[in-house]
A.B. asks: 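Here it is: the structure, laid out below.
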Amino acid sequence: MASKVLDVEGRRIQVRGTVQGVGFRPWVYRLAVEEGLSGRVRNDPQGVTIEAFGPREALEAFGKRLRAEAPPAARLVEVREEDLPAEPPIDFTIVSSAADGARQVSIPPDLATCPECLREVRDAGDRRHLYPFTNCTHCGPRYTIARDVPYDRPATTMAGFAMCPDCGGEYGDPADRRFHAQPVACPDCGPRLRLRDAAGGPVADGGDALVVAAAELAQGTIVAVKGLGGYHLACDATSPEAVRRLRERKKRDEKPFAVMVGGLDGARALADLGTTEERLLDSVERPIVLVPRRPSSGLAAEVAPGNPQVGLILAYTPLHHLLLEAAGRPLVMTSGNLSEEPMAAKDEEALARLAGIADLFLVHDREIENRCDDSVARVIAARPTVLRRSRGYVPRAVRLRRPVRRPVLACGANLKNTFCLARGDEAWLGPHVGDLDNLEATRAFEEQVERLQRFLGIRPEVIAYDRHPDYASTRYALARPEAVKVAVQHHHAHVASAMGEHGLEGPVLGLAWDGTGYGTDGTAWGGELLLVRDGGFERLATLRPLRLAGSDEAIRQVWRIALAALDDAFDGAPPLDRLRLFDAVPARHVAVVRQLAAKGLCSPLAHGAGRYFDALGALGLVRPRATYEGQVALEWNLVADGEDAGSYPFVLEEEEGLVRADLRPLVRAAVEDLLGGVAAGRVSARFHEGMADVAAALVRRAAAGCGRWPVVLTGGCFQNARLAEGVLRRLERDFDVRLHGEVPPGDGGIALGQALVAEAVAG
Ligand SMILES: [Zn+2]
Ligand SMILES: [Zn+2]
Ligand SMILES: [Zn+2]
């Protein structure tokens, strides 16, 4: 017996990463028990610490399995092991957070249903058979049901559901998969499903509600479905009539709808997927992933008119799985709102706002506390890129290389708004709020800011905001009581956000290409190459500007941008009569817009790279108007066809140290092609190659003057995979080029950069 004790060794294992609130400790407990180890596991401020005791082989097996088999939502960034004196306790225990005085465990993001829960839901012998609210420590709602911290059941919208003895037993058993799973529930004690008509009247209850809703969906009915972070509007994605009806009622002409399928097999039937796309679709975050649609998909063309791509999302709650299985077809799952408004999350709100859109409401009595839209992602240069960072990611922190010295709130941009709170070496981007042009969204913004501040226990001392005086987020920032406020130039913030994501301290050559952002010289910027360091920036290069007649109006009426580019490229005498775009534009409108531009009335100079995409897209696609912001640029990207199409020319010029790419030769060459009958797809391909050439030339020219610093590609234009990959290909041999990953390249990622600049300036 004595010699046995001598064989026992001790080891301390520290695990860093996302390991709290994801079922990591119960899983460690089970692993330790399986390997016959004693010891303890506890949360600590950086992650989880394990002290394990047992024979060397068992400890080694434990260490290996710890790295290889971690629960799906856990992210192990670092695992450090060190020897401990062998003082083994008699068993293995989970030390509670309160007992060891660790910092409050933050609220984790929502997690897609895990395979084990799904198996139970499908198992006729299981007590959770067909139960749509099944979850465990590996999966289920988190952030969206949290009312307060610490994240415990009484502080969630599950507070009103008293656990039955069976659920209570699971919740209290460290060996159980549901140990301390706050939203644990079953058909006896948990939330219940209801189906109501548009007037709120009862249609069916419980399992029947699901069966009736699925049958109605199959008949073409539009059903509002209460999900995790808000209401969706669902309909049969294979029915042109159903999708058309949804478009009419939602007043959404052409913006693509997301399509939900049960699993990867369903996704493969609809789209051509690469391995990175499959991994992204199947991740616990479950974003909508933009993928190339199969011609034989059977999806109604109305799902994404004129668009060869489709946004797919895999079911992420048992309710979704059951609904899809019963309906037997892919379903449109789009945000439950009228165009541009925030997604409805509260029941009364949803009934009121969606009454004219949905025929039926599939609802339940687990409240959604925090609205959180679906996230959107795509693969660029073989890597996942998050375009809209919300459900599944929020409120996971972005880790900062250098801690901020004082807590910061950054208020974000106006479109696709998200905000950011930073403290220590962590930065939290809030959920997608949307466009702050409407009152609902502005109210939602303020509410979300206050909420996340409370959840994280942060009192900001520094407030960062965009320089644009008319942004609602700017007005909010200026009205805050804090003393220290820092205005951050839009493209500087874009570059700093990419730097923050990659832990780059600068100097960095930041290529920030987007539609528009407030410059420091009264013009709209957006084709910028900035040298960024020490909280400041130097503007090294930009694009020749266009005069946007009617300012924001031109962004919808893209023919105006095309006219500006043509008048500039052809010295005021472009061949309008031979360009098909201008068949659709009355001559008097052209005259009025030219007058506006000539007088400089409400016609700012715009350097945005995105404007050239708009201009050429309008010409090439014969599209005078966009029905949503960025539509023409997006479609212009999607038609690009052919690899070795060649590219269009441009000229670099320099004035007072600022390099400017003159794109007039490019515009002229594209017009010549269009007039010569070259297909739009080919013109678009040459345009993309030309723009990638411009980007690379600007970077090389700048590097010759200031050094070969790392390059970041940021701004909404770099959601365009063809452009991003083209620039990367041209530069990667000579430069360290970084693209965005988990932080969006567009304005949804800008708040992180604002926070970091403000920290450097005012920290
Ligand atoms: Zn589960
Ligand atoms: Zn129960
Ligand atoms: Zn921007």
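Note that the structure is a prediction, hence the values are computed from the model and not measured. Hydrogens, waters and symmetry mates play no part in the numbers below; they use all other heavy atoms, side chains included. Ligands are counted one by one from 1 in listed order, and the atoms in each one are counted from 1 as well. In this chain, residues are counted from 1 in sequence order.
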A.B. asks: If I take the Zn ion (ligand 1) as the centre, what angle separates the SG atom of C117 from the SG atom of C139? Nearest 10 degrees is fine.
C.D. replies: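 Once rounded, the angle between the two atoms at the Zn ion (ligand 1) is 100°.
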A.B. asks: Partners of R391 by salt bridge (charged side-chain N to carboxylate O under 4.0 Å, His left out), sequence neighbours excluded?
C.D. replies: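 Salt bridge (charged side-chain N to carboxylate O under 4.0 Å, His left out) list for R391, sorted by chain: D374.
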A.B. asks: I want to know whether F179 and Y171 have ring centres closer than 6.0 Å.
C.D. replies: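 When the ring centroids of F179 and Y171 are compared, they turn out to be at least 6.0 Å apart.
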A.B. asks: Side chains of E369 and T157: do they bring a donor and an acceptor to under 3.5 Å?
C.D. replies: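 Note: E369 and T157 side chains miss the donor-acceptor criterion.
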A.B. asks: Is the NZ or CZ atom of R539 both under 6.0 Å from the centre of the six-membered ring of W525 and within 45° of that ring's axis?
C.D. replies: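 Flagged: R539 positioned over aromatic ring of W525.
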A.B. asks: Does either side chain, that of N417 or that of H432, offer a donor lying less than 3.5 Å from an acceptor on the other one?
C.D. replies: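 Side-chain D/A pair, N417 to H432: absent.
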A.B. asks: Taking the Zn ion (ligand 3) as the vertex, measure the angle between atom OD1 in D747 and atom OD2 in D514; round to 10°.
C.D. replies: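 With the Zn ion (ligand 3) as the vertex, OD1 (D747) and OD2 (D514) sit 170° apart.
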A.B. asks: Below 2.8 Å, any N, O or S contact between H491 and the Zn ion (ligand 3)?
C.D. replies: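 Here the distance criterion (N, O or S atom, under 2.8 Å) is not met by H491, so no.
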A.B. asks: Do you see a donor-acceptor pair shorter than 3.5 Å between the side chains of D466 and H490?
C.D. replies: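 Yes, side-chain donor-acceptor contact under 3.5 Å.
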A.B. asks: Anything protein N/O/S under 2.8 Å from the Zn ion (ligand 2)? Just list residue and atom, please.
C.D. replies: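 Per the 2.8 Å query on the Zn ion (ligand 2), atoms found are C164 SG, C167 SG, C186 SG, C189 SG.
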A.B. asks: Would you mind checking if R127 and E170 are paired as a salt bridge, meaning a charged N to carboxylate O distance below 4.0 Å?
C.D. replies: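 Judged by the 4.0 Å cut-off on N to carboxylate O distance, E170 and R127 do form a salt bridge.
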